[in-house]
Amino acid sequence: EDYVTNEKPPLRVLGMASDDRALLWAQNKAHTWFNVRERRPMPPVEATRVTLNGFADGRWGVEFWDTVAGQVTATAAAQASGGTLALELPAVATDLAVKLLRR
C-alpha cells in the first residue's frame, strides 16, 4: 500500500511512420537539462525491446543514430508480422535516433 512501481524501463519513445519507413527517438527519461546542469547521476537504460504496431509485414532495415554526432552507430534487421515489429534497442545513456526502412 502507498507505493509506486514502474515495470517499464525509464525510456521515452516517440516516432512517426509511413508505409515504408519510420523514424523514432528514444530518450533516457533521466537525461534532462536539469539533471545535466546539476550533474546528477543518470544511469543508462539497459538494452530493451520496444514493440511497435502498424508496420507492414516483412523485413525492415534498422539504423541506430548518435544524435550529437549525426552518425549511424549500428545497423540491424527486424521482422514485422501481424502488423507488429519488435525492435531491440541498445542501452540508452542519453538519447538515440532510429531509422527503419522496409526492404
Side-chain angles (χ1 to χ4, degrees):
E1 190 173 326
D2 295 324
Y3 71 93
V4 176
T5 183
N6 186 357
E7 295 178 8
K8 299 176 184 179
L11 193 65
R12 178 178 293 111
V13 179
L14 304 170
M16 58 185 183
S18 67
D19 292 338
D20 63 348
R21 66 193 64 224
L23 299 173
L24 302 175
W25 178 62
Q27 179 203 21
N28 179 339
K29 286 184 177 181
H31 188 255
T32 65
W33 72 267
F34 184 79
N35 287 342
V36 170
R37 187 189 79 181
E38 296 297 316
R39 295 190 171 106
R40 291 187 175 170
M42 294 172 276
V45 177
E46 295 179 11
T48 189
R49 176 181 293 164
V50 175
T51 303
L52 306 168
N53 296 313
F55 279 74
D57 291 353
R59 185 176 162 92
W60 289 76
V62 182
E63 295 177 350
F64 298 100
W65 286 75
D66 178 317
T67 61
V68 174
Q71 297 177 342
V72 175
T73 58
T75 60
Q79 185 74 29
S81 179
T84 300
L85 185 141
L87 180 62
E88 303 292 335
L89 293 180
V92 178
T94 57
D95 67 347
L96 172 73
V98 183
K99 181 178 179 181
L100 296 106
L101 296 171
R102 189 168 178 212
R103 305 280 180 198

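Please read these numbers as outputs of a predicted model, since none were measured by experiment.
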Exercise. Distance from L100 atom CG to D20 atom CG, nearest 0.5 Å?
Worked result: 11.0 Å
Problem set entry | Chi angles and distances behind the side chain to side chain contact (heavy atoms under 4.5 Å, CB included) call for V68, T94 | CA-CA 10 Å; V68 174; T94 57; 5.9 Å; no
For this session: Identify the heavy atoms of A93 and H31 that sit nearest to each other, and give their distance.
Result: O-CB, 4.3 Å
For this session: Check L52, N53, T51 against L85 for a side-chain contact (heavy atoms from CB on, under 4.5 Å) and give me the one that passes.
Result: L52
Problem set entry | Rounded distance (nearest 0.5 Å) linking atom CG of L101 with atom CZ of R21 | 5.5 Å
Problem set entry | W25 reachable from V13 in the ILVMFWY side-chain graph, under 4.5 Å edges | no
Exercise. What heavy-atom pair brings N28 and M42 nearest, and what distance separates the two atoms?
Worked result: ND2-O, 4.4 Å
Problem set entry | L24 side chain reached by L87 side chain, heavy atoms, under 4.5 Å | yes
Problem set entry | ILVMFWY clustering at 4.5 Å (side-chain atoms), partners of W65 | V72
Seminar exercise, completed: One should read off an interatomic distance between E63 CD and Q71 CD, to the nearest 0.5 angstrom, of 12.5 Å
Problem set entry | V50 side chain reached by V98 side chain, heavy atoms, under 4.5 Å | no
For this session: With rounding to the nearest 0.5 Å, note down the distance linking OG1 in T48 to NZ in K8.
Result: 11.5 Å
Exercise. Looking only at heavy atoms, what is the nearest atom pair of A86 and R49, with distance?
Worked result: CB-CD, 3.8 Å
Exercise. For the atom pair CZ (R12) and NZ (K29), what is the distance rounded to the nearest 0.5 Å?
Worked result: 6.0 Å
Seminar exercise, completed: Nearest heavy-atom approach of A56 to D19 is CB-O, 4.1 Å
Exercise. Considering residues, nucleotides and ligands other than E46, do more than 12 of their heavy atoms fall under 6.0 Å from its CD?
Worked result: no
Seminar exercise, completed: Rounding to 0.5 Å, atoms CG (D57) and CZ (R102) come to a distance of 8.0 Å
Exercise. Hey, does the side chain of T67 reach the backbone of A97 with a donor-acceptor pair shorter than 3.5 angstrom?
Worked result: no
Problem set entry | V92 versus A26, closest heavy-atom pair with distance | CG1-O, 4.1 Å
Exercise. Any donor and acceptor pair, going by atom type alone, linking the side chain of N35 with main-chain N or O of A30 inside 3.5 Å?
Worked result: yes
Exercise. Given F34 and R40, is the side chain to side chain contact (heavy atoms under 4.5 Å, CB included) satisfied, shown in steps?
Worked result: CA-CA 8 Å; F34 184 79; R40 291 187 175 170; 3.3 Å; yes
Exercise. Which heavy-atom pair separates A22 from W60 by the least distance, and what is that distance?
Worked result: N-CZ3, 4.5 Å
